[in-house]
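Given the structure is predicted, the values throughout are model-derived calculations rather than measurements. Below, each value reflects all heavy atoms present in this structure, side chains not excepted, and no hydrogens, waters or symmetry copies. Reminder, nothing fancy here: chain letters follow the sequence lines and each chain counts from 1.
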There are 2 protein chains.
Amino acid sequence: MATVSRALNGRENVASGVRARVIDAAKELRYVPHHAARSLSSRRTRTIGVVLPDLHGEFFSELMRGIDQVAREHDLYLLVSSYHGHPEEQGVALRAMRGRVDGLLVMSPFVESTPLADDFDDAHPVVLINTGLTGIGLGTLRVDNHGGARGMVQHLAARGFRRIAFVAGPEGNFDAAERLRGYREALAEFLPDADPIVLPGAFDESSGHRAGQAIIAMAERPDAVFCANDMTALGCLFAFHQAGLRVPDDIALAGFDDIPLARYVHPSLTTIAVDIAELGGLALRALIAGTPLDSAPIAPHLVVRESTQRDTPPAPHGERRDSS
Amino acid sequence: MATVSRALNGRENVASGVRARVIDAAKELRYVPHHAARSLSSRRTRTIGVVLPDLHGEFFSELMRGIDQVAREHDLYLLVSSYHGHPEEQGVALRAMRGRVDGLLVMSPFVESTPLADDFDDAHPVVLINTGLTGIGLGTLRVDNHGGARGMVQHLAARGFRRIAFVAGPEGNFDAAERLRGYREALAEFLPDADPIVLPGAFDESSGHRAGQAIIAMAERPDAVFCANDMTALGCLFAFHQAGLRVPDDIALAGFDDIPLARYVHPSLTTIAVDIAELGGLALRALIAGTPLDSAPIAPHLVVRESTQRDTPPAPHGERRDSS
DNA sequence: CTGAAAGCGCTAACAC
DNA sequence: GTGTTAGCGCTTTCAG
């Protein structure tokens, strides 16, 4: 019986003839190892828990794709769960994973950190994706939202835009806060005479639409709008279309994320791209390796498309035309 | 010890005082039931395996969202895996799930049925989403692709279009085959004098782009193009844009799926919508209930947008304007 | 209503 | 290299 176990698990200390017979017999009998028994005894599940804020949208499917790919490479299983935007549900999801997984991949955009720690079992390694939390002994993988936003403002300034508005993301969202910080900082640096113009938004299309309408109604209208994410920018774009405003001739527009939509809308949207699948894959690799990786955040890059194209000559560097 | 088990599992035959003490103690000790031990003994895992062709794209994230929601309602866990388009990998993914899950949700767009049966453990209930397979004792949940395609042709005919081309989906894909069948059938019914015009496609943007170019080059150009899915239609649209062809004035365009993009492109795309999250949720509910549900396929509905709008009056019935 | 005892199917020492 | 044995932590009879 032990020999069978060894043969099936590919251990070295089994005579090759015996191994072959075992494998044949297993196939013959359509034997399937009982996972629960195996992990009860070995105390490992070969399963990684993935807890995400939500399961819809390109962002999350890309993330899952990257994670799934690495999981297959390592013969790991993925137990997924989403908490639908509610922090409380995150705790529920997290606790439910305890005892079922060997490690946890958690994406938590909430700035509030305290409740999280309670839900983590000390026994599990955890990698946090894209979170502001640090110092609770967990790995953290994040995107340089701040630097990305700075890059966009720099691009807009180089293109000759002078009144650059920013449509913010939801309150209490770490990514949103970082992008706003990048905007303010870069504005002070590259256009010291310009006042920041910040409108509220919520990372979705409808809030972008409202922001767009508010912008149209402004006495001194901005000549460029930088939205905290692409969905918001799409809402803006829609509002501008409705009002007969031409983009980019009357007003330039830029987003953040490079969702697939960004390249298909008319005009195509200048944005900041993150390789999301790679992000997911890196997170899982880090979890497997047990590397701390608190080091450098992942640098997103500027993708210039039609929505910020004007007749002025393009800036000499720091930009990259969309290759597609 | 048995009492503790009973108390924690909410069995009735425990004195309420004892139950309260057990629960308090469990909380105090941060006790987490060991899933492997539990399922070794109970022979149930409370886990559902989800095997999808691919994890990216709106379609799959919507599907997952619907599934996840129902899973939470029933306190079920989701073990997900994708086979990246290769039928062989599907078998691997399926076999890997054996012994780890109580049931399986499988999405398989391949027409070839035979290899599938081998990979299914007879012990597990399975629900197949959107597949042509029948009669191997498994539940099947499908979308009425045929009827949807018919509806679109009817709409185009009612709008006054007479030369309606169809850009097909990949060979061997069941959905694609059904949509093509619907096109041919409806064309024969509503426009008996028109010849079918079928171009190859592969459900992606680039094949749509090629089809678009081929259409532009045709001696007798169609006045409407119906694409087997929205991504293909987007490729077509791009080709038409590049050639200076106006949609819908020079040529009408329609897709299938109603991906989020469809409403944002310019002109917005007339398409056939399926509530994908609902489809996923229904599939899981069916799996849980053990209902056969081979009955009626899910009816998709027509969403009329700008890409098929002409000055002719709209048809009196069988259509529905996009409400958003 | 509660306790005792027997496994669930496997892995990991440990002998041989 | 292979067989024997003892659990892994729970649920589930079966007595009381």
Side-chain angles (χ1 to χ4, degrees), chain A residues 1-49 74-77 79 94-104 121-125, chain B residues 1-49 74-77 79 94-104 121-125:
Chain A
M1 174 163 179
T3 300
V4 171
S5 172
R6 285 186 281 252
L8 258 22
N9 287 317
R11 289 279 200 295
E12 285 310 310
N13 50 349
V14 183
S16 63
V18 177
R19 152 169 292 121
R21 278 171 51 214
V22 168
I23 290 175
D24 282 357
K27 195 168 296 171
E28 187 73 18
L29 299 164
R30 306 185 115 256
Y31 168 78
V32 182
H34 192 294
H35 164 251
R38 174 179 283 186
S39 70
L40 175 59
S41 148
S42 68
R43 322 186 67 49
R44 291 181 311 104
T45 63
R46 300 209 64 77
T47 304
I48 302 295
H74 295 259
D75 269 310
L76 290 173
Y77 297 80
L79 201 61
L94 246 24
R95 254 164 289 147
M97 293 273 175
R98 291 195 294 202
R100 304 186 134 251
V101 298
D102 294 338
L104 238 24
D121 193 332
D122 305 344
H124 294 319
Chain B
M1 174 166 178
T3 302
V4 171
S5 173
R6 285 185 281 252
L8 258 23
N9 288 319
R11 290 279 200 295
E12 285 309 310
N13 50 349
V14 182
S16 63
V18 177
R19 152 169 290 123
R21 279 172 51 214
V22 167
I23 289 175
D24 281 357
K27 196 169 295 173
E28 186 73 16
L29 298 165
R30 309 185 111 256
Y31 169 79
V32 182
H34 191 293
H35 163 252
R38 173 178 284 185
S39 69
L40 175 58
S41 147
S42 67
R43 318 183 72 49
R44 290 181 312 102
T45 63
R46 301 208 65 76
T47 303
I48 301 295
H74 295 259
D75 268 310
L76 290 172
Y77 296 80
L79 201 62
L94 247 24
R95 256 165 288 146
M97 293 273 177
R98 293 195 293 202
R100 306 186 134 250
V101 299
D102 292 339
L104 237 26
D121 193 335
D122 305 343
H124 293 317

**Item:** Rounded distance in Å - CD (A:Glu12) to P (D:dT2)
**Value:** 13 Å
**Item:** pair A:Arg44-A:Ser39: side-chain heavy atoms closer than 4.5 Å
**Value:** no
**Message:** Under a 3.5 Å distance rule, please check whether B:His34 uses its side chain to pair with a backbone N or O of B:Ala36 as donor and acceptor.
**Reply:** yes
**Request:** Starting from P on C:dC10, measure out to NE2 on A:His34 and report it in whole angstrom.
**Result:** 7 Å
**Message:** Nearest to the side chain of A:Val18, heavy atoms from C-beta on, is which of D:dT2, C:dG9, C:dT2?
**Reply:** D:dT2
**Integer-rounded Å distance: D:dT11 C1' and B:Arg46 CZ** = 14 Å
**Request:** Nearest whole angstrom, please: distance from the C1' of C:dC8 to the CZ of B:Arg100.
**Result:** 17 Å
**Message:** Is a donor from one side chain sitting under 3.5 angstrom from an acceptor on the other, for B:Arg100 and A:Thr47?
**Reply:** yes
**Prompt:** Of A:Ser41 and B:Thr3, whose nearest nucleotide on DNA chain D comes first from the 5' end?
**Reply:** A:Ser41
**Request:** Would you indicate what B:Arg11 reaches in the nucleic acid, counting non-hydrogen atoms under 4.0 angstrom: base, sugar-phosphate, or nothing?
**Result:** sugar-phosphate
**Request:** Determine whether the side chains of A:Arg19 and A:Thr3 contain a donor N or O and an acceptor N or O closer than 3.5 Å.
**Result:** no
**Prompt:** If every non-hydrogen atom of B:Pro125 is compared with every non-hydrogen atom of B:Asp102, which pair is closest and at what distance?
**Reply:** CD-O, 3.1 Å
**d(CZ, B:Arg21; P, C:dT2) in whole Å** = 9 Å
**Message:** Please tell me if A:Asn13 has a side-chain N or O lying less than 4.0 Å from either OP1 or OP2 of D:dT2.
**Reply:** no
**Item:** Length of the line joining A:Arg38:CZ and C:dC8:P, which is rounded to integer Å
**Value:** 18 Å
**Which nucleotide in D:dC10, C:dG9, D:dT11 has an atom nearest any side-chain atom of B:Ser5** = D:dT11
**Length of the CG-P vector between B:Leu40 and C:dA6, whole Å** = 17 Å
**B:Leu40 CG to A:His35 NE2 distance, which is reported to the nearest 0.5 Å** = 11.0 Å
**Item:** Side-chain N,O (B:Arg19) to OP1/OP2 (C:dC1) below 4.0 Å
**Value:** no
Which protein N or O atoms sit under 3.5 Å from an N or O of nucleotides 13-16 of chain D?
none

**Prompt:** What is the distance, rounded to the nearest whole Å, between atom OH of A:Tyr31 and atom C1' of C:dC10?
**Reply:** 7 Å
**Prompt:** Heavy-atom distance under 4.5 Å between the side chains of B:Leu8 and B:Val22, does that happen here?
**Reply:** yes
**Message:** Taking 4.0 Å as the cut-off, does a side-chain nitrogen or oxygen of B:Arg43 come that near to OP1 or OP2 on C:dG9?
**Reply:** yes
**Item:** First encountered from the 5' end of DNA chain C, between B:Met1 and B:Ser42
**Value:** B:Met1
